[in-house]
Chemist: 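Please find one structure pasted underneath; my questions will follow.
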Amino acid sequence: MSQYRTFTAADAVEYAKRFGSVDDPSALVSAEEIGDGNLNLVFKIFDRQGKSRVIVKQALPYVRCVGESWPLTLDRARIEAETLVEHYKYCPEHTVKVTHYDPALAVMVMEDLSSYRIWRGELVRGAYYPEAARQLGEYLAQTLFHTSDFCLHPHQKKAEVARFINPELCEITEDLFFNDPYMNHERNSYPVALETLAAELRDDNELKIAVAGLKHHFFAHAEALLHGDIHSGSIFVADGSLKVIDAEFGYFGPIGFDVGTALGNLLINYCALPGLLSPREAAEGRELRLNDVREVWTRFAERFTALAAAETRDVALAWPGYVNAFLQKVWADSLGYCGTELIRRTVGMSHVADMKNIRDEAMRTECIRSAITLGKRLIIAAPHIENIDALIARIRQNG
Ligand code: SR1
Ligand code: MG
């Protein structure tokens, strides 16, 4: 019976030899800990030739970026592995392959994606992957449709909701997305020059009612098995290929949360580009990002609609017109959650490289200001933005 202990690099090599499913386990000789996320240890396992062969990921019993003062359930490793396995079933092209996991050790073994790069890093340096947005839309449609009531038998759906109960990780989202930025909180941080703008978030009752509605929806609407943290740092890209990783926030929640988080991270990059690139490159990059936003939504909605037409099992949910009505609600939810992602990544705790990498302080402040303003406008206007063209017009108006 395995018992939890925190892995050293040597432990990770031994583990990969036993459970890495490589043809020649004895060839695995070394490991490097490469985790740069907020939560876990991630080991790359190398063979004698220095080629990386598999990834071993282990959850720590606390939040890595904070330390032992913030304990966190190890069950998140099971949730992550089982979410990825479930998503792989429905979208193997765009989900990392988990080959083994052990809930007691909070460890999983995954395919090595060394030929890929983290999408956020690529977006920050202005590299363009023309197929990535469409592929992300496909991933969202396949995973969210196939784990929803459109597709699962009601008994199976309820059992799945129970399997993916993830209260501690949900609580992080509930706090970081929907509470902290709208109150004074020690986890918040933003440029001093933006104090007035931050205070406006705390004092704006219309905004706070809209955010409360989004949080309530996040609490209460078990629509599909979400990834739960689908930002550009949870996505690997290569020429013509995209793979999603890091699903420890998986749970049954509102579909618009995943779609909105994905869109929000593209728009954070849109807001940051003037601080990251030359004016001409930034202008071009921003047009590409708007196109990415269009592609993610359009592909998601088209594929979800097509899947619903072909595969809906529930008799009422199959009635003509219902899937369109449902997607209208998902659209409005997505815009609201997109707005909360823009704000929590700039005012709250989890800042991202798009903004952090802007060297000029005044420029960084202006880019952050633009993200906060856009986030606020999207949250309030979400129910009135009719379609993708109207969204893109609003983003352009934000400047
Ligand atoms: C305490 S964890 C902070 C953030 O890191 C994760 O990647 C999630 O985005 C979470 O909100
Ligand atoms: Mg993550």
Side-chain angles (χ1 to χ4, degrees), residues 33-43 55 57-84 87 95-96 98 106 108 110 113 116 118-121 136 139 143 166-182 185-190 211 214-215 218 226-237 243-251 253 257-269 337-356 371 375:
E33 204 282 305
I34 54 159
D36 62 354
N38 292 329
L39 299 177
N40 306 300
L41 294 174
V42 182
F43 296 95
I55 297 293
K57 179 171 179 179
Q58 186 179 41
L60 292 166
Y62 52 85
V63 174
R64 181 178 185 171
C65 66
V66 174
E68 296 184 32
S69 61
W70 188 341
L72 194 57
T73 177
L74 292 174
D75 189 45
R76 70 185 192 272
R78 176 193 67 81
I79 296 265
E80 172 169 12
E82 293 187 5
T83 301
L84 290 171
H87 283 187
T95 309
V96 68
V98 173
M108 77 187 83
M110 290 178 285
L113 294 172
Y116 289 68
I118 292 285
W119 197 13
R120 190 184 300 287
L136 177 54
Y139 164 83
T143 57
N166 195 359
E168 287 190 35
L169 280 284
C170 284
E171 187 180 13
I172 291 179
T173 301
E174 288 148 15
D175 290 343
L176 300 192
F177 268 75
F178 307 115
N179 295 357
D180 293 3
Y182 309 94
H185 199 287
E186 63 190 11
R187 283 190 292 247
N188 290 341
S189 74
Y190 46 81
V211 171
L214 291 162
K215 185 180 187 186
F218 183 86
L226 307 189
H227 176 282
D229 193 25
I230 184 77
H231 58 84
S232 51
S234 299
I235 297 171
F236 273 105
V237 286
K243 299 268 185 188
V244 169
I245 59 166
D246 261 10
E248 66 256 71
F249 286 78
Y251 89 112
F257 183 80
D258 265 7
V259 177
T261 303
L263 297 180
N265 280 273
L266 293 171
L267 290 178
I268 286 171
N269 183 260
Y337 290 120
C338 172
T340 59
E341 175 73 344
L342 281 159
I343 290 176
R344 74 101 175 198
R345 293 285 186 190
T346 46
V347 174
M349 176 187 168
S350 314
H351 292 218
V352 287
D354 308 61
M355 294 297 177
K356 286 199 279 194

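Ligands are counted one by one from 1 in listed order, and the atoms in each one are counted from 1 as well.
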Chemist: Using a strict 4.0 Å threshold on nitrogen-to-oxygen distance, state whether E248 and R64 make a salt bridge.
Modeler: no
Chemist: Sequence neighbours excluded, which residues qualify as side chain to side chain contact (heavy atoms under 4.5 Å, CB included) partners of D75?
Modeler: T73, R78, I79
Chemist: If the threshold is 4.0 Å, N to carboxylate O, is there a salt bridge linking R120 and D354?
Modeler: yes
Chemist: Among N188, V347, T340, whose side-chain contact (heavy atoms from CB on, under 4.5 Å) with Y182 holds?
Modeler: T340
Chemist: Under the side chain to side chain contact (heavy atoms under 4.5 Å, CB included) rule, collect the residues that match up with N179, sequence neighbours excluded.
Modeler: D175, M183, K215
Chemist: Please enumerate all residues that pass ring pair (Phe, Tyr, Trp, His ring centres under 6.0 Å) together with F218, with sequence neighbours excluded.
Modeler: F178, Y251, F257
Chemist: Mind listing the N or O contacts between ligand 1 and protein, cut-off under 3.5 Å?
Modeler:
residue	atom	partner	partner atom	Å
ligand 1	5 (O)	N38	ND2	2.6
ligand 1	7 (O)	D229	OD2	2.9
ligand 1	9 (O)	D229	OD1	2.8
ligand 1	9 (O)	D229	OD2	3.2
ligand 1	9 (O)	R344	NH2	3.0
ligand 1	9 (O)	R345	NH2	3.3
ligand 1	11 (O)	R344	NH1	2.7

